[in-house]
Amino acid sequence: MTERVRHFIRQKIEADNASGKYGGQVITRFPPEPNGYLHIGHAKALCINFGLAEEYGGRCHLRFDDTNPTKEDVEYVEGIKNDIKWLGFDWGEHLYFASDYFEQMAEDARALIRKGLAYVDELSLEEMRAQRGTVTEAGTNSPYRDRPYEESLELFDKMLNGDVAEGSMTLRAKIDMADPNMKMRDPPFYRVMHAEHHQVGDRWKAYPLYDYAHCLEDCYEGVTQSLCSLEFENNRELYNWYLASLGKEHRPEQTEFARLGLTYIVMSKRKLLALVEEGAVVGWDDPRMPTLAGLRRLGVRPQAVREFVEKVGVAKANSTVEYEFFEGLIRKDLEENVPRVMGVVDPVELVIENLPDDHAESFDLSHHPKADLGRRAVPFGKRLWIEREDVALEPPKGWKRLAPGWEVRLYGAYFVTCTGIDVDDDGKVVRVRATYDAATRGGSSPDGRKPKGTIHWVAADGALAVEFRLYDRLFATPDPDAGDWRDNLNPDSLTVTSGYVEPAFGSTAEDVRVQLQRMGYFWRDDDSTADALVLNRIATLRDGWAKAKPAPVKAAPKEKKAPAVSTGPKEAWLSGVEQSLIASAHAAGAHADTAKSIVLNELRRELGGPAVDNLRIEGNELAGLIRLLDEGTINRSAVRPVLEVLLEQPANPADVVAALGLAQVSDTSALSDAVDAALAANPDELARYRGGEKRLMGFFMGQVMRELQGKGDPKAVSAVLREKLG
RNA sequence: UGGGGCGUAGCCAAGUUGGCAAGGCACCGGAUUUUGAUUCCGGAUAUCGCAGGUUCGAGUCCUGCCGCCCCAACCA
């Protein structure tokens with residue numbers, strides 16, 4: 001397991017726990033809509049929600065957000081549950097549906113209406129759109145906005161009961177049609193749908209919309225952390241509005257994180273569905289699909305998915321992870337946990353000429369060089385299957401495998417020397433002939449000689465026939481969404497071959513994964529039958545040879561960001577309050593430029609922005625502070641703490657400096673002690689400095705200043721430091 | 001164009017009171033190797049989006065700008 005990064009959500013949870021906001025409880029939720037299968041992107045949300053809950057001793061609810069009956073189906077409910085279980089997460093008894101709460105939500109909606117915070121609107125879809133305004137223009141109020149609440153109440157019940165036509169009415173929140181946040185412009189939160197619901201049947205004829213439903217679900221369930229992806233940032237204000245308007249006491253908090261993007265993959269449900277429907281893949285669980293069902297069928301272990309998500313991290317920057325990164329973790333997981341056997345994916349016959357026809361022996365080989373995964377018997381005979389790509393008529397430079405006259409090691413068996421290669425009329429290799437060296441039994445020679453290469457093999461006698469499905473990535477380009485994604489499909493995403501594995505594979509458990517030596521990781525596909533083995537390739541091994549051959553195709557350098565066109569420095573804008581403060585400080589004897597610098601750089605820092613209304617601090621106070629600076633009583637770093645006090649209450653800056661002990665230290669002996677302490681505490685750096693790394697001067701300056709709690713006189717410190725460092 | 005976010009190496013990503021720009025992946029060397037794998041050493045790679053400013057010192061504070069993402073569904 002990797003070391004965990006204390007990312008911003010962990011920090012928030014810890015801060016909440018420290019402040020006792022939720023009494024130390026951590027309750028999260030994973031809220032899929034049952035309208036499709038989960039994909040690798042969802043795995044991130046899954047790991048964050050379930051993982052964090054587990055980590056902080058809380059719990060995570062599985063809640064289906066089933067507020068749109070026309071798009072959803074129970075089929076997906078079961079599929080999603082399976083995928084979550086496969087990843088190893090457990091919701092215990094906390095399985096919920098948004099539809100569980102429809103009664104309560106309707107009651108809360110009535111409360112909102114009674115408070116005058118919601119109304120039934122009769123605008124059509126088009127009218128509503130037209131009246132919403134644009135991002136730069138305010139919308140206009142609906143003519144139904146101010147209808148009496150009694151009327152809305154009555155109409156709302158009609159909506160719920162199916163007494164009004166679909167699309168004829170909505171229930172809207174009464175907020176502000178001019179709000180710069182479009183989500184706040186009187187959003188509809190109930191719409192009429194005469195649809196049969198997969199969970200609650202035909203009980204309801206109007207259903208709540210996401211924003212309204214989601215915050216309430218969280219609230220009803222006592223969720224503390226509502227974690228979702230970035231595109232919901234704009235919705236957070238609405239989330240809080242509903243809860244506040246309803247006067248809910250329990251207030252979950254929404255925090256957003258960036259979703260996972262992966263190269264060579266499309267992740268939108270729409271495209272995934274198209275792939276299935278257009279037959280580009282066999283189904284949602286096609287091993288080339290980025291769905292969890294697909295990854296599972298491919299043979300990826302859930303541990304690898306979890307590790308991947310943890311390693312990718314959690315942040316707020318949109319990002320696209322290289323697929324190779326995921327692939328590497330899939331391999332790493334298998335590398336450490338899976339037995340190794342031999343199998344030939346594209347077989348060609350090897351005949352050992354100096355062995356009798358009926359020769360039969362067996363080797364006892366280990367399943368793993370490091371892990372204790374047992375041993376197996378591997379039969380050996382005159383006729384073997386070897387990999388076609390391990391044979392070359394004319395070996396290229398750097399070749400380490402079989403070629404006429406070359407000697408190689410058959411893994412775990414003998415050295416063999418190629419005596420000839422038979423080809424057919426098309427030049428295709430049909431048979432390789434060789435002689436073996438009986439003295440090399442087990443794979444090593446008493447004379448100490450070592451062949452350049454080792455190849456894998458399977459004895460023809462007793463070999464199990466296998467249909468190999470060699471999967472490769474579904475898309476040929478790193479960004480399939482660039483251009484028409486259909487054009488970017490990889491025509492070679494699946495290669496089917498007939499080959500063999502050693503008989504030991506037949507005795508392994510059904511779900512066992514193996515490394516076929518030198519060929520990659522494989523496991524049995526569900527399409528296998530008792531007499532027809534089908535093996536999926538989960539991942540290849542890293543292949544340094546393949547990489548060495550073709551001219552290295554360097555990734556095209558990313559186009560540089562357009563350099564900012566500098567229009568020259570612009571004068572900083574000063575608010576009226578700031579201007580008058582500077583003016584009065586100037587009148588009280590301070591230099592105007594210094595006053596301005598402090599207002600801009602320090603005051604704004606304290607205030608978190610420009611000062612706009614009645615500032616506590618006065619001109620003569622600022623002037624007094626500047627005087628202390630000019631006199632050398634304090635250094636610049638003391639300005640902010642003094643300002644902080646001055647903003648609270650009127651005071652004489654000199655008194656504040658005295659009270660806080662901020663006076664600048666320029667006394668030589670005190671400085672000298674501080675420098676000595678800093679040098680003594682950092683002997684390595686001192687050695688480096690004396691060895692010529694002069695840039696460490698800044699480092700020591702920092703150490704000394706820290707020693708002096710920032711109060712050192714920079715010039716004096718620098719002088720002493722220079723002297724002591726030599 | 002209004003609002004909400006985000007810019008640290010090819011990719012992901014730490015960096016929380018301003019003080020030597022973490023780590024992982026990829027890449028390049030070398031060692032080990034009965035898998036051209038694994039493992040182990042070592043290395044290169046960053047105008048911290050840009051430009052000004054404050055400061056002894058800025059990825060971090062201030063100002064201005066640039067780029068990317070999200071929002072104008074009765075989807076979630």
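The structure presented is a predicted model; accordingly, all values stated were derived computationally and were not measured. Chain letters run A, B, ... following the sequence lines, proteins first and then strands; every chain starts at 1.
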Can you see which heavy atom on Trp545(A) is nearest to which on Arg401(A), and at what distance? CD1-NH2, 3.1 Å

Touch class at under 4.0 angstrom, heavy-atom based, for Lys715(A) against every strand present: nothing

Can you name the ring pair (Phe, Tyr, Trp, His ring centres under 6.0 Å) partners of Tyr264(A), sequence neighbours left out? none

Do Arg542(A) and rG36(B) have a side chain to base donor-acceptor pair shorter than 3.5 Å? no

Considering just the side-chain nitrogens and oxygens of Ser319(A), establish if one lies under 4.0 Å of OP1 or OP2 belonging to rA13(B). yes

I'd like a table of donor-acceptor pairs (distance under 3.5 Å, sequence neighbours excluded) in which one partner is a side-chain atom from residues 129-138 of chain A, with atom names and distances.
{"unit_1": "Thr134(A)", "atom_1": "OG1", "unit_2": "Thr136(A)", "atom_2": "N", "d": "3.2"}
{"unit_1": "Thr134(A)", "atom_1": "OG1", "unit_2": "Thr136(A)", "atom_2": "OG1", "d": "3.3"}
{"unit_1": "Thr134(A)", "atom_1": "OG1", "unit_2": "Glu137(A)", "atom_2": "N", "d": "3.1"}
{"unit_1": "Thr134(A)", "atom_1": "OG1", "unit_2": "Glu137(A)", "atom_2": "OE1", "d": "3.1"}

For RNA chain B, produce a single dot-bracket line, 5' to 3'. Pairs: Watson-Crick or G-U wobble, both distances under 3.5 Å. Symbols: ( ) within strand, [ ] crossing, | other strand, . unpaired. .(((((((.[[[..)...(...]]].(((((.......))))).....[[[[[..)....]]]]])))))).....

Mind listing the N/O atom pairs, protein and nucleotides 68-70 of chain B, below 3.5 Å?
{"unit_1": "rC69(B)", "atom_1": "O2'", "unit_2": "Asn318(A)", "atom_2": "ND2", "d": "3.3"}
{"unit_1": "rC70(B)", "atom_1": "O2", "unit_2": "Asn234(A)", "atom_2": "ND2", "d": "3.3"}

Restricting to salt bridge (Lys or Arg N to Asp or Glu O under 4.0 Å), what partner residues turn up for Glu336(A), sequence neighbours left out? Lys332(A)

Which ones in residues 321-335 of chain A lie close to RNA chain B, meaning a heavy atom under 4.0 Å from one of its atoms? Val321(A), Glu322(A), Phe325(A), Glu335(A)

Consider the side chain of Pro180(A), meaning its heavy atoms from C-beta on, and name the nucleotide among rG2(B), rC75(B), rU54(B) that approaches it most closely. rG2(B)

Protein-nucleic acid N or O pairs under 3.5 Å, nucleotides 57-62 of chain B:
{"unit_1": "rC62(B)", "atom_1": "O2'", "unit_2": "Leu600(A)", "atom_2": "O", "d": "3.1"}

Residues in side chain to side chain contact (heavy atoms under 4.5 Å, CB included) with Ala315(A), at least two apart? none

Between Phe699(A) and Tyr689(A), ring centroids under 6.0 Å: no

OP1 or OP2 of rA76(B) versus the side-chain N and O atoms of Thr67(A): is any pair under 4.0 Å? yes

Ring pair (Phe, Tyr, Trp, His ring centres under 6.0 Å) against Tyr239(A), all qualifying residues, sequence neighbours excluded: none

Tell me every residue that passes ring pair (Phe, Tyr, Trp, His ring centres under 6.0 Å) with Tyr190(A), counting only those two or more places apart in sequence or in another chain. Phe156(A), Tyr212(A)

Asn181(A) (side chain) donor-acceptor with Asn234(A) (main chain) under 3.5 angstrom: yes

Examine distances only and state if a side-chain atom of Glu256(A) and a backbone atom of Arg236(A) form a donor-acceptor pair shorter than 3.5 Å. no

Touch class at under 4.0 angstrom, heavy-atom based, for Glu137(A) against every strand present: nothing

Side chain to side chain contact (heavy atoms under 4.5 Å, CB included) partners for Leu541(A), two or more places apart: Gln515(A), Tyr521(A)

Partners of His456(A) by ring pair (Phe, Tyr, Trp, His ring centres under 6.0 Å), sequence neighbours excluded? none

Say we look at rG7(B) and rC25(B): how far apart would their P atoms be, to the nearest angstrom? 23 Å

For Tyr411(A) and rA37(B), what is the distance between atoms OH and P respectively, to the nearest whole Å? 15 Å

